[in-house]
Amino acid sequence: MEILDKSLNFIEQIVTEDLASGKHQEVISRFPPEPNGYLHIGHAKSICLNFGLPQKFGGRCNLRFDDTNPEKEEMEYINSIKEDIKWLGFDWGDHIYYASDYFDQLYDWAVLLIKDGKSYVEDLTAEQIREYRGTLTEPGKESPYRNRTIEENLDLFTRMKNGEFKDGDRVLRAKIDMASPNLNMRDPVLYRIKHAHHPRTANKWCIYPMYDFTHGQSDALEHITHSICTLEFEDHRPLYEWFLNNLPVPSKPRQIEFARLNLSYTVMSKRMLLRLVQEKVVDGWDDPRMPTIAGIRRRGYTPEAIKAFADRIGVNRMFSTIDFALLEHFLRDDLNKKALRVMAVLDPVKLIIDNYPDNQEEMVEADNNPEDENSGTRQIAFSKELYIERNDFMEFAPKDFFRLSIDKEVRLKHAYFVKCTHIVKDDTGTITEIHCTYDPNTRSGNSTDGRKVKGTLHWVSVKHAKEAEVRLYDHLFAQENPYDVAEGKDWIETVNPNSLVKIKAYIEPSLTEAKPSVPYQFLRNAYFCVDSKYSTPSNPVFNRIITLKDTWAKLQKK
RNA sequence: UGGCCUGUGGUGUAAUGGUAACACAAGUGGUUUUGGUCCAUUCGUUUGAGGUUCGAGUCCUUACAGGCCAGCCA
């Protein structure tokens, strides 16, 4: 067990107590996704928790697909989920399971419940069941079929399994308490008829167990010690325990609920994410704007940043919404350490050094990452004509503008000091050329006479630069809380229309060899990575992972 | 007008009956060959009321606020 230098969250405290009391020798958790969509950053929180516990206290975490609803589940999702968990850096070893592995056992237990007089076949329609269920404030009433004989129930349930009835004709229900203030205890449905092809059991079954009848027993079969789920299952805990207490299960797991992750400027509901995909608001589940693991991976987020984030936000039972800026902080923190610094100009304007020899070019040395002394240096071509960022020049500059202006001197990163002499504009008044002179004695970026400059600009050599498509991303939703929409309005209208802007940029030549998942810092601008889906050597595409903090932009807004 | 759960800076998380701490955000200074990084600094008596106690963010009562539940979804 590793040394715990940090206070324990409430679940870790429970685990610590269970280990200390001898109730358990190790912690066995499980991550139980339903393969009906892609995993998102909210799942990442759960994955870090469930896989983190055994890493910290000893034990293991099973991966278990909760595949009890064949109408919504697909192999594509199973595969993506496995890939995403691995990418985050977690390993389930041999412990991969499927709820469908337990369908036979579950069926036997359903029969046992019938024999014990604790469950019955229901003939009422779905709508009638709803009417009989009562409301939040009124008790339900018992079904006329509630007191069928055991023999009749057995016969009917067997015939349900044998496919003698159509979808929806009958269900199997537990016989608990129609007057319970907890709706989940008002004779919950255990099995429903679905003549559907299942991704794993194919056409073996036409009846499928409900979540409630599956989850706890699956946990018990796997000897899960702590079954961690989100808060909305809190009301299901009495039912979870009812099954464990009324069935001869091999172990008694404990369900513990925690609050799911909410993040500002995004949504975490699989239903909503699916709609964004289906209506092509985004470019698939792995669109770099999506909060899915696949999306943020393609965007260039790192597993380390996500894990540091998950660690910081903690685990509790309070409803809260985390500031997206906190996730961005951990991203920047990690990228700052790793990203190679390169130069690229996203909104170019030509800078011409009039006193630099026409056909001369020279190589200047650039450090790859000042945060990493082992990252080395590279050579960059410098010449008479360069591109710099349009917003690094201002014709009429305020005194706190450190960049280039007429008669002002700045440093070209890794190269020379240049001083602007004049500019050239076209008919519309747009600047087309910025003319400068350079000081040959400032090579590598420092003066010999002690002269200082306030500003340092990045640049690329016109002659040597390559073109690339650059995709600039912003929050997928324009408002902090996408759920906050006026009555009658559709949440999809809150999607940020500027969440993706594609531009053409000039990059330094070394970047044509960039590989996906390797982060770069385009100096003074943002972190980028090659897009794994669309980038090719001849047409490189870069995704903006996240901007650098920009104090100047902040000042300008005032 | 049922049941269950939760209330600590702007945001999120600690403090396990004994000096309210940390991170993010925001602001202000400093350093800097990235207006990045880094460093320093400012910002809350814990939802309200009552109670127990030498002592309460922590325990009790109550009010208020927020969340979840009436799928043959999970």
Side-chain angles (χ1 to χ4, degrees), chain A residues 6-10 13 32-34 36 66-69 71-73 122 125-126 129-131 133-140 167-173 180-184 186 188-194 207-208 210-212 214-215 229-238 257 259 264 270-271 311-330 332-333 336-337 341 343 366-367 370-371 400-403 411-415 417 442 444-446 452-458 521-527 547-555:
Chain A
K6 186 173 167 272
S7 61
L8 301 177
N9 67 49
F10 82 100
Q13 288 177 36
E34 183 192 9
N36 67 344
D66 219 329
D67 55 349
T68 59
N69 186 356
E71 288 169 351
K72 291 183 177 173
E73 297 154 7
E122 174 65 270
T125 64
I129 289 176
R130 193 182 327 126
E131 286 163 8
R133 186 153 34 223
T135 68
L136 293 175
T137 52
E138 303 156 22
D167 287 11
D169 277 358
R170 286 186 167 78
V171 292
L172 184 72
R173 301 179 73 176
S180 171
N182 183 342
L183 290 278
N184 294 118
R186 317 240 264 229
V189 172
L190 269 36
Y191 269 90
R192 73 284 216 199
I193 301 170
K194 280 181 192 287
I207 56 171
Y208 290 93
M210 297 288 289
Y211 164 87
D212 285 310
T214 307
H215 206 91
C229 62
T230 46
L231 246 27
E232 65 267 30
F233 292 101
E234 203 169 357
D235 291 341
H236 294 244
R237 192 176 350 120
E257 311 86 18
S264 57
K270 274 201 259 184
R271 198 192 90 254
D311 193 49
R312 194 68 185 119
I313 60 176
V315 175
N316 66 18
R317 294 170 62 84
M318 309 174 210
F319 179 88
S320 64
T321 301
I322 312 258
D323 192 341
F324 201 89
L326 186 63
L327 176 58
E328 294 183 324
H329 161 76
F330 285 103
R332 286 195 182 100
D333 189 51
N336 179 50
K337 286 180 274 185
R341 272 59 171 176
M343 295 201 286
D367 49 354
E371 301 295 317
D400 59 350
F401 184 75
F402 303 154
R403 282 109 101 140
R411 170 170 38 237
L412 293 174
K413 180 81 178 177
H414 310 306
F417 283 12
T442 57
S444 93
N446 272 321
K452 301 258 191 229
V453 289
K454 260 306 213 181
T456 301
L457 311 188
H458 60 276
Q521 185 192 110
F522 289 10
L523 217 63
R524 301 205 306 132
N525 191 318
Y527 295 99
T547 61
L548 251 34
K549 280 193 192 167
D550 190 347
T551 312
W552 171 241
K554 211 178 272 178
L555 278 172

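Proteins get letters first, then strands, A, B, ... in listed order; numbering begins at 1 in each.
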At under 4.0 Å between heavy atoms, what does [X] touch on the DNA or RNA strands: base, sugar-phosphate, or nothing?
| X | result |
| --- | --- |
| A/F324 | nothing |
| A/R186 | nothing |
| A/K554 | sugar-phosphate |
| A/N336 | base |
| A/L523 | base |
| A/H236 | base |
| A/I313 | sugar-phosphate |
| A/R341 | base |
| A/R312 | base |
| A/D235 | base |
| A/L555 | base |
| A/E371 | base |
| A/N525 | nothing |
| A/H414 | base |

Report task. Without swapping roles, check the side chain of A/S264 against the backbone of A/D323 for a donor-acceptor pair under 3.5 Å. Result -> no
Query raised in the report: Is there a donor-acceptor pair under 3.5 Å between the side chain of A/R332 and the backbone N or O of A/Y527?
Result: no
Query raised in the report: So which of A/N69, A/L172, A/I207, A/D167 actually passes side chain to side chain contact (heavy atoms under 4.5 Å, CB included) with A/R192?
Result: A/N69
Can you tell me the pairing partner of [N] across any strand shown, Watson-Crick or G-U wobble, with both distances under 3.5 angstrom?
| N | answer |
| --- | --- |
| B/A40 | B/U28 |
| B/C64 | B/G7 |
| B/C59 | B/G51 |
| B/G2 | B/C69 |

Query raised in the report: Taking the side chain of A/M210 as heavy atoms from C-beta outward, which of B/U11, B/G2, B/C73 is closest to it?
Result: B/C73
For the [atom1] atoms, the ones on [N] and on [M], what distance do you get once it is rounded to whole angstrom?
| N | M | atom1 | value |
| --- | --- | --- | --- |
| B/U16 | B/C72 | C1' | 45 Å |
| B/A25 | B/U42 | C1' | 14 Å |
| B/G10 | B/G50 | C1' | 30 Å |
| B/A14 | B/U47 | P | 15 Å |
| B/G48 | B/A70 | C1' | 33 Å |
| B/U32 | B/C38 | C1' | 9 Å |
| B/C24 | B/U1 | P | 47 Å |
| B/G9 | B/C68 | C1' | 27 Å |

Query - For A/T214 against A/M210, the heavy-atom pair lying closest together - result: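 In terms of heavy atoms, the two residues are closest at OG1-O, 2.7 Å.
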Report task. Assign B/G66 to syn or anti; the rule is syn for a glycosidic angle within 90° of 0 and anti otherwise. Result ->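 Anti conformation here, the glycosidic angle of B/G66 being more than 90° from 0.
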Query raised in the report: Which sits closer to the 5' end of RNA chain B, A/Q13 or A/R130, going by the nucleotide each is nearest to?
Result: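 Going by which nucleotide is closer to the 5' end, it is A/Q13.
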Requested in this report: Take A/N69 and A/D550, find for each the nucleotide of RNA chain B with the closest heavy atom, and name the residue whose nucleotide sits nearer the 5' end.
Outcome: A/D550
Query raised in the report: Is the distance between the ring centroids of A/F401 and A/W552 less than 6.0 Å?
Result: yes
